[in-house]
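Starting from 1, each residue takes its place in the sequence as its number. All values below come from the heavy atoms of this structure, side chains included, with hydrogens, waters and symmetry mates left out.
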Amino acid sequence: QLQLVESGGALVQPGGSLRLSCAASGFSVDSYVIGWFRQAPGKEREGVSCINSSDESADYADSVKGRFTISRDNAKNAVYLQMNSLKPEDTAVYYCALSLKWFGVCVLRRGIYNVWGQGTQVTVSS
């Protein structure tokens with residue numbers, strides 16, 4: 001069974017940092033495109049970051065470039081999202097997702113991701 005479990009969401013103040021974890025089971029994270037998405041109340045789910053299946057290169061939404069970093073730990077079979085300089089507009093439920101049909105260079109397109117975690121809440125507020 002393919003499964004992704006997010007953790008690390010919390011209430012943080014603007015300017016703070018948080019690291020989200022995505023623990024994978026049933027597959028190896030080094031073999032697939034993995035993405036992070038988020039969904040705020042009343043808004044559609046949007047791509048945040050993704051990492052290539054072939055190497056460690058990644059893509060980021062313009063809104064998080066320079067602040068967020070995606071990484072992969074193959075030994076732990078996990079993917080992380082380091083979030084720095086958090087802003088109130090970063091408040092959302094964050095999901096990690098696996099693509100079973102897209103290999104190589106990742107894309108932040110919801111439709112290519114087949115397996116989703118349950119999400120973890122990130123709230124940025126003073």
Side-chain angles (χ1 to χ4, degrees):
Q1 182 180 0
L2 307 179
Q3 188 174 22
L4 299 169
V5 180
E6 303 94 335
S7 63
L11 171 64
V12 297
Q13 295 185 359
S17 296
L18 202 60
R19 189 181 74 161
L20 305 183
S21 298
C22 176
S25 60
F27 70 98
S28 297
V29 299
D30 64 349
S31 300
Y32 296 94
V33 166
I34 306 292
W36 282 98
F37 290 74
R38 66 186 182 186
Q39 188 166 25
K43 301 182 67 176
E44 68 178 23
R45 193 169 299 184
E46 64 176 351
V48 176
S49 182
C50 60
I51 190 165
N52 295 352
S53 64
S54 56
D55 54 41
E56 300 307 297
S57 295
D59 195 17
Y60 299 89
D62 289 341
S63 59
V64 307
K65 286 180 179 176
R67 299 189 298 121
F68 291 9
T69 303
I70 190 171
S71 63
R72 173 190 285 129
D73 187 330
N74 297 330
K76 296 183 178 180
N77 204 32
V79 176
Y80 305 96
L81 185 67
Q82 179 65 48
M83 309 165 68
N84 299 326
S85 301
L86 284 163
K87 304 175 180 179
E89 53 262 43
D90 295 319
T91 296
V93 177
Y94 283 71
Y95 302 86
C96 61
L98 160 71
S99 179
L100 296 173
K101 57 185 178 181
W102 191 274
F103 296 91
V105 178
C106 76
V107 294
L108 286 171
R109 184 182 302 148
R110 185 175 182 272
I112 75 162
Y113 294 91
N114 311 97
V115 182
W116 295 79
Q118 291 298 115
T120 186
Q121 177 71 51
V122 173
T123 302
V124 184
S125 177
S126 60

Mind listing the closest non-hydrogen atom pair of [X] and [Y] along with its distance?
X	Y	value
Tyr60	Phe68	CE2-O, 3.2 Å
Ala78	Ala23	CB-CA, 4.4 Å
Ser17	Ser85	OG-N, 4.3 Å

Aromatic plane relationship, Tyr32 with Phe27 - under 30° parallel, 30 to 60° tilted, over 60° perpendicular:
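Rings of Phe27 and Tyr32: perpendicular, over 60°.
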Please determine whether residues [X] and [Y] belong to a single hydrophobic cluster, defined as Ile, Leu, Val, Met, Phe, Trp and Tyr linked transitively by side-chain heavy-atom distances below 4.5 Å.
X	Y	result
Val115	Trp102	no
Leu81	Trp116	no
Leu108	Phe103	no
Ile70	Val105	no
Tyr80	Leu18	no

Please check this pair: side chain of [X] against backbone of [Y], looking for a donor-acceptor N/O pair closer than 3.5 Å.
X	Y	result
Asn74	Val29	no
Asp55	Ser57	yes
Asn77	Ala24	yes
Gln13	Ser126	no
Ser99	Ile112	yes
Ser53	Gly104	yes
Ser49	Asp59	yes
Gln121	Gly9	no
Gln118	Glu6	no

Using a 6.0 Å cut-off, check whether atom CD of Glu89 has over 12 heavy atoms from anything other than its own residue.
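Atom CD in Glu89 is packed in, count exceeds 12.
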Using 0.5 Å steps for rounding, measure from the [atom1] atom of [X] to the [atom2] atom of [Y].
X	Y	atom1	atom2	answer
Trp36	Leu20	CH2	CG	4.5 Å
Asp30	Asn52	CG	CG	13.0 Å
Arg38	Cys96	CZ	SG	15.5 Å

Please determine which of Val122, Thr69, Val124, Val48 meets the side-chain contact (heavy atoms from CB on, under 4.5 Å) test together with Met83.
Val122
Does some side-chain heavy atom of [Y] sit less than 4.5 Å from a side-chain heavy atom of [X]?
X	Y	result
Ile34	Leu98	yes
Cys50	Val107	no
Arg110	Tyr95	no
Asn114	Leu2	no

Decide, yes or no, whether a salt bridge links Asp90 with Lys87 under the criterion of side-chain N to carboxylate O below 4.0 Å.
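No.
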Any cation-pi pair here, Arg45 with Phe37, using under 6.0 Å and within 45°?
no
